[in-house]
Amino acid sequence: MTSYAQLFATVLPVFLVVLLGIWLRRAGWVKAEAEESLFNLVIKVATPCLIFDSVVGNAALREPGNLLFAPLAGFGLTLASFGIAFAGARATGLHIGTGLRTFAIAAGLANYGYLPLPIVDAMWGSEARGLLLTHNMGVEAAIWTGGVLIISGLGLRDGWRRLLNVPLFSLLAALTVNLAGLGPLIPGAVMSAVHWIGLMLIPLGLVMTGVSIQPHVGEWGSSSRPGCCSARRRCGCWCCRCCSSSWRGSGRSRRS
């Protein structure tokens, strides 16, 4: 079972790399003008490569239950989180125009991208990474449907158009190759290149997370804006949930 020390050792490198990104932006080594280009590299190049590398040859993603349940879980749980956060915000007196929609999105959306990837890798291995990436497509679908309706009032057609992106197409292509058993037909040199490019997603994505939040770091301690409040509450709940899971695991280990 996972102990407190193992959990801390797994999570700590993630935040160290994010802190590096914050420092790089503050030191001026990564300029604001470079953010869009680097994010394009992360989302349109490294992410598809990591998806392809994680899905092709993954036996767990040949099981119909995993293929169906993983994205449905991401979709359903994210929509439920939006709904709970929306109801909670209304119960505290927020309404449209004073941060109701911002709070619902900020509190309801989990860290489903760069943060959990290295943690899942460390705790459950590369096969679980493929399941996480498939699950994340369900989260994306919830963002561009329910999330778009909450934050902007746009129609479902506009949201679905945004869902049609490079990571989605790469996932569909990788799942097709995996289900058809075509992975062995891909030249080893190609898969090696895909693997190498995919490896840079997690460190570069975490660095860019730090780069993007650096201009807002000073707002966290003092701001009462809904986004900052919801972020603080969500981080606190996440820490409590991790400690609770670790405590339950160590408790079961002692009883056995």
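As the structure is a computational prediction, the values presented were derived from the model and not from experiment.
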Check: Rest of the hydrophobic cluster containing V56 (Ile/Leu/Val/Met/Phe/Trp/Tyr, side-chain heavy atoms under 4.5 Å)?
Finding: F52, V177, L182, L185, I186, V190, M191, V194
Margin query: Can you tell me if F69 has over 12 outside heavy atoms packed within less than 6.0 Å of its CZ?
Written below: no
Note to self: Is any side-chain heavy atom of L117 closer than 4.5 Å to one of L50?
What the structure shows: yes
Check: Are V217 and L19 connected in the hydrophobic side-chain network, where two residues link if heavy atoms are under 4.5 Å apart?
Finding: yes
Check: Given the rule in the side-chain contact (heavy atoms from CB on, under 4.5 Å) test, do L179 and L67 qualify, once you have shown the distances and angles that lead to the verdict?
Finding: CA-CA 10 Å; L179 290 172; L67 287 174; 3.8 Å; yes
Notebook entry, point to check: Got a second to check how far T102's OG1 is from L94's CG, nearest 0.5 Å?
Noted result: 9.5 Å
Item checked: Check: P71 main-chain N/O paired with T134 side-chain donor or acceptor under 3.5 Å -> no
Margin query: Using 0.5 Å steps for rounding, measure from the CD1 atom of I105 to the OG1 atom of T78.
Written below: 10.0 Å
Next item on the list: Please name the pair of heavy atoms, one in P203 and one in L199, separated by the smallest distance, quoted to 0.1 Å.
Entry: CD-O, 3.3 Å
Could you go through residues 166-175 and list every donor-acceptor pair under 3.5 Å that involves a side-chain atom there, pairing it with any protein atom two or more places apart or in another chain?
{"unit_1": "S170", "atom_1": "OG", "unit_2": "V166", "atom_2": "O", "d": "3.3"}
{"unit_1": "S170", "atom_1": "OG", "unit_2": "P167", "atom_2": "O", "d": "2.7"}

Next item on the list: Answer yes if F15 and I213 sit in the same cluster of Ile, Leu, Val, Met, Phe, Trp and Tyr residues linked by side chain heavy atoms under 4.5 Å apart, and no otherwise.
Entry: yes
Next item on the list: Please answer whether the main-chain N or O of Y112 pairs with a side-chain N or O of N136 as donor and acceptor at a distance below 3.5 Å.
Entry: yes
Notebook entry, point to check: Who passes salt bridge (charged side-chain N to carboxylate O under 4.0 Å, His left out) against E35, sequence neighbours left out?
Noted result: R25
Checklist line | Same apolar cluster: I84 and I96, side chain cutoff 4.5 Å | finding: no
Check: Among L12, L206, I202, L204, whose side-chain contact (heavy atoms from CB on, under 4.5 Å) with V17 holds?
Finding: L206
Check: Can you name the ring pair (Phe, Tyr, Trp, His ring centres under 6.0 Å) partners of W196, sequence neighbours left out?
Finding: none
Checklist line | Main-chain N/O of N58 paired with N178 side-chain donor or acceptor, under 3.5 Å | finding: yes
Margin query: Whether the side chain of S212 engages the backbone of T209 through a donor-acceptor N/O pair (distance < 3.5 Å, no angle test) should be reported.
Written below: yes
Check: What are the two closest heavy atoms between S54 and R129, and how far apart are they?
Finding: OG-NH1, 2.7 Å
Check: For I197 and C49, which heavy atoms make the closest approach, and how far apart are they?
Finding: CG2-SG, 3.6 Å
Note to self: Looking at every heavy atom in both T10 and A122, which two are closest together, and how far apart are they?
What the structure shows: CG2-CB, 3.8 Å
Check: Does atom CZ of R90 have more than 12 heavy-atom neighbours from other groups under 6.0 Å away?
Finding: no
Notebook entry, point to check: Transitively linked via ILVMFWY side-chain contacts under 4.5 Å: L77 with V139?
Noted result: no
Margin query: Is there a side-chain contact between I22 and V211 in this structure, where contact means two heavy atoms from C-beta onward sitting under 4.5 Å apart?
Written below: no
Check: So, for G108 and S81, which heavy atoms are closest and what is the spacing to 0.1 Å?
Finding: O-CB, 3.0 Å
Item checked: ILVMFWY cluster membership beyond L72 - transitive side-chain contacts under 4.5 angstrom -> L68
Next item on the list: Name all pairs fulfilling the ring pair (Phe, Tyr, Trp, His ring centres under 6.0 Å) condition that reach into residues 78-99, sequence neighbours left out, sorted by first residue then second.
Entry: none
Note to self: Ignoring hydrogens, what is the shortest heavy-atom contact between A89 and L100? Give both atom names and the distance.
What the structure shows: CB-CD1, 3.4 Å
